[in-house]
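Since the model is a prediction, treat every value here as computed from it, not as a measurement. One-based numbering, in listed order, for ligands and for the atoms of each.
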Amino acid sequence: MLKIVIHPNSILRKKSEKIKDPLSLDIQKLIPEMIKTMIAKDGVGLAAPQIGKNIRMIIVRYKDNNLVIINPKIIKKSLLKEWDEEGCLSVPGIFGDVKRCKKITIKYLDELGKEKKLSAEGLLARIIQHEIDHLDGILFIDKAKNLKIINFNNEQ
Ligand code: CO
């Protein structure tokens with residue numbers, strides 16, 4: 001299992017680079033490891049900087065699927081925004097309310113390097129926005145209000 005980078009760490013604050021070849025061995029090996037790590041940590045999303053790699057790839061759990069999203073770009077977002085509570089594997093024990101677009105459409109490459117488009121709303125849209133923020137060095141605590149500490153002992 002991969003080790004989660006915990007805030008504060010400069011890796012979490014860097015802008016990550018585009019992946020040139022999604023089919024490269026490095027990336028193809030990393031994908032199942034990231035999925036395994038996300039599931040083991042009971043996360044609903046994981047961005048590559050969180051496992052120490054400043055590359056533009058995120059994994060998002062949606063229903064029973066693990067979406068592999070490479071080089072995502074938000075191409076449409078709703079004017080309508082909503083607040084909801086978020087947490088992050090890299091900021092253990094802290095939760096807070098973040099305002100996000102209710103609906104978004106993204107363009108990305110899947111694990112086979114195929115161009116895809118996805119429209120999402122509600123929780124899925126929120127998770128994707130949170131994970132894309134990671135690729136730009138942004139953490140939810142930068143945007144959150146009503147931050148609260150739930151658990152001091154988040155040793156896993
Ligand atoms: Co996060």
Side-chain angles (χ1 to χ4, degrees), residues 1-19 22 27 30-75 77-78 81-111 116 118-156:
M1 205 170 62
L2 302 167
K3 203 170 166 232
I4 302 283
V5 176
I6 301 296
H7 166 75
N9 189 306
S10 61
I11 293 170
L12 296 173
R13 293 310 194 171
K14 260 188 221 151
K15 191 171 162 70
S16 290
E17 300 202 348
K18 262 194 167 178
I19 292 173
I27 300 297
L30 190 59
I31 290 169
E33 286 180 44
M34 279 183 66
I35 292 172
K36 232 199 282 176
T37 304
M38 177 184 69
I39 291 170
K41 294 284 182 183
D42 208 20
V44 288
L46 188 66
Q50 293 184 275
I51 49 90
K53 304 226 181 268
N54 282 116
I55 54 174
R56 301 187 81 80
M57 176 160 72
I58 64 178
I59 311 286
V60 173
R61 180 130 60 146
Y62 179 59
K63 292 184 179 164
D64 277 332
N65 294 313
N66 300 305
L67 297 172
V68 177
I69 298 175
I70 295 170
N71 299 340
K73 202 171 171 230
I74 296 175
I75 55 171
K77 40 181 149 180
S78 62
K81 297 187 178 189
E82 57 189 7
W83 290 92
D84 207 349
E85 192 174 73
E86 294 187 12
C88 180
L89 293 175
S90 293
V91 193
I94 310 274
F95 295 84
D97 297 327
V98 182
K99 192 160 104 175
R100 302 276 187 196
C101 297
K102 196 171 154 63
K103 282 187 187 177
I104 56 165
T105 301
I106 59 167
K107 210 174 75 176
Y108 65 100
L109 302 176
D110 70 6
E111 64 273 29
K116 290 267 175 84
L118 172 71
S119 292
E121 64 176 288
L123 181 62
L124 181 60
R126 173 170 298 274
I127 297 166
I128 292 170
Q129 289 171 83
H130 174 118
E131 301 308 332
I132 291 177
D133 270 355
H134 274 299
L135 304 182
D136 293 318
I138 300 163
L139 297 176
F140 85 98
I141 47 173
D142 304 343
K143 300 178 165 182
K145 66 173 196 186
N146 303 326
L147 280 173
K148 46 185 178 274
I149 298 168
I150 299 292
N151 182 6
F152 279 104
N153 300 310
N154 203 287
E155 306 293 324
Q156 293 191 16

Taking the side chain as C-beta and beyond, is there a heavy-atom pair between [X] and [Y] under 4.5 Å?
X: Gln50; Y: Cys88; result: yes
X: Pro72; Y: Leu135; result: yes
X: Asp84; Y: Arg100; result: no

Ignoring waters, how many N, O or S atoms from the protein are under 2.8 Å from the Co ion (ligand 1)?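 That number is 3, waters not included.
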Under a 4.0 Å threshold between the charged nitrogen and the carboxylate oxygen, would Arg56 count as salt-bridged to Asp136?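 Salt bridge present between Asp136 and Arg56.
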Measure the spacing between CD1 of Ile69 and CD1 of Ile59 and express it to the nearest 0.5 Å.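 Output value for this atom pair is 8.5 Å.
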For a side chain to side chain contact (heavy atoms under 4.5 Å, CB included) check, start with the C-alpha distance between Ile51 and Lys3, then their side-chain angles and the critical distance, and finish with the verdict. CA-CA 6 Å; Ile51 49 90; Lys3 203 170 166 232; over 6 Å; no
